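Accompanying notes for the structure given below.
Given the structure is predicted, the values throughout are model-derived calculations rather than measurements.
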Amino acid sequence: MLRVLAVDDETPALDELASLLRRDNRVGKVTTASDGVSALQDLVQMIGAGERLDGVFLDIRMPGLDGLDLARLIGNFPYPPKLVFVSAHDDCALQAFELRAVDYLLKPVRPARLEEAVSRLTADGPAQPAEPGPEDVIPVELGGRTRFVPRQAVWFAEAKGDYVRLHTADDRYLVRMPLAALERRWGPPGFIRVHRSALVAVRHVNEMKLHGGKITLRVGTEWLAVSRRHTKHVRELLVRQQFKPPASGDHRT
């Protein structure tokens, strides 16, 4: 059964869309959001809880974070759901498909067209992991505002119960997400576990000290201890990084 999120700032349109989706026996759960920021918050919570989301039915013209901007952020998620745009205007169709939307519905939505869109959600199976791009971001709530913290800016992440604290050169940000979920997302592009409660960006490791069999790392401007359990792996990885052969075409004399 499919799990989908419907997003629209117009309540009658959102209610109608959700009602039509719930009538489809292929759809098991429909969550709704009345604006882009709320939808983004729901998506982050779902990721943190390890929940699956198969599709997002997304209005385009919304105040604040519009549908196209939200779609670009969704594209950076580790398992991005498929996108179906729902709009009263047809002038954004090209942009929608550049964002790899599987369908583009015009309002008022006809039940037959919605059924076709749902079929496209199931056509290629569940969402596949996306390669984290250079603009991969984590949305952070700050007093009613949403700030997008880029992965490249994060020195390390520290587990705090059900939350993760992201450390950057400028500030620290608390995000509701298990450290294990962040490790799955940021492990491939260069984050390593150095302790059960710490995940470090290799690119920000400036110095390594070895004393009495224990390793400490200087990450940004802070020092972090590496647990005994992770010592061997961290040491080998950092040595490989240090002596990585030059890329093809990089001839040094």
Side-chain angles (χ1 to χ4, degrees), residues 43-52 73 75-80 127-142 147-253:
L43 285 162
V44 171
Q45 289 180 0
M46 290 176 188
I47 290 173
E51 295 182 21
R52 189 190 84 245
L73 292 171
N76 288 316
F77 282 21
Y79 289 82
Q128 298 299 315
E131 289 294 328
E135 297 181 357
D136 193 19
V137 298
I138 290 287
V140 178
E141 293 305 307
L142 297 171
R147 176 171 296 178
F148 303 104
V149 180
R151 186 187 69 231
Q152 301 97 313
V154 177
W155 290 349
F156 65 96
E158 178 186 15
K160 293 290 182 182
D162 294 332
Y163 290 79
V164 169
R165 177 168 288 148
L166 304 178
H167 293 252
T168 71
D170 301 322
D171 212 335
R172 299 176 181 181
Y173 305 95
L174 202 60
V175 183
R176 189 176 180 83
M177 175 186 289
L179 190 65
L182 191 63
E183 183 178 16
R184 289 192 297 270
R185 176 172 176 172
W186 282 359
F191 277 69
I192 57 171
R193 185 74 74 102
V194 300
H195 192 275
R196 64 183 179 86
S197 61
L199 189 66
V200 165
V202 173
R203 70 193 300 267
H204 288 299
V205 176
N206 304 314
E207 189 175 346
M208 177 173 68
K209 287 184 179 179
L210 181 61
H211 180 72
K214 296 181 179 181
I215 292 178
T216 55
L217 303 175
R218 186 161 68 90
V219 187
T221 59
E222 300 191 36
W223 286 93
L224 298 177
V226 178
S227 70
R228 291 190 181 275
R229 176 184 176 185
H230 294 90
T231 292
K232 182 179 179 181
H233 174 67
V234 169
R235 187 175 182 181
E236 290 177 351
L237 188 146
L238 291 176
V239 168
R240 286 200 305 270
Q241 287 289 120
Q242 182 68 28
F243 295 101
K244 184 183 294 183
S248 176
D250 182 12
H251 301 292
R252 299 179 183 178
T253 57

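- To the nearest 0.5 Å, the span separating CD on Gln152 from OG1 on Thr168 amounts to 12.5 Å.
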Leu43/Leu73 under side-chain contact (heavy atoms from CB on, under 4.5 Å): CA gap, chis, key distance, verdict: CA-CA 11 Å; Leu43 285 162; Leu73 292 171; over 6 Å; no

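- Sequence neighbours left out, the pairs with a member in residues 214-226 that pass side chain to side chain donor-acceptor pair (under 3.5 Å) are Glu207-Arg218.
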For a quick test of your reading: what N or O donor-acceptor pairs under 3.5 Å do the side chains of residues 187-199 make, sequence neighbours left out?
| from | atom 1 | to | atom 2 | distance (Å) |
| --- | --- | --- | --- | --- |
| Arg193 | NE | Glu183 | OE1 | 3.3 |
| Arg193 | NH1 | Arg196 | O | 2.8 |
| Arg193 | NH2 | Glu183 | OE1 | 2.8 |
| His195 | ND1 | Ser197 | N | 3.2 |
| His195 | ND1 | Ser197 | OG | 3.1 |

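- Of the residues listed (Trp155, Phe156, Tyr173), the one engaging His167 in a ring-ring contact (aromatic ring centres under 6.0 Å, His included) is Phe156, and it is the only one.
- Pairing each heavy atom of Asn206 with each of Val219, the nearest pair is ND2-C, 4.4 Å.
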Show, in sequence, the C-alpha distance, side-chain angles and deciding distance for Leu182 and Leu166, and conclude whether the side-chain contact (heavy atoms from CB on, under 4.5 Å) test is met. CA-CA 11 Å; Leu182 191 63; Leu166 304 178; 3.9 Å; yes

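- Considering only residues two or more places apart in sequence or on other chains, Lys209 meets the salt bridge (Lys or Arg N to Asp or Glu O under 4.0 Å) condition with none of them.
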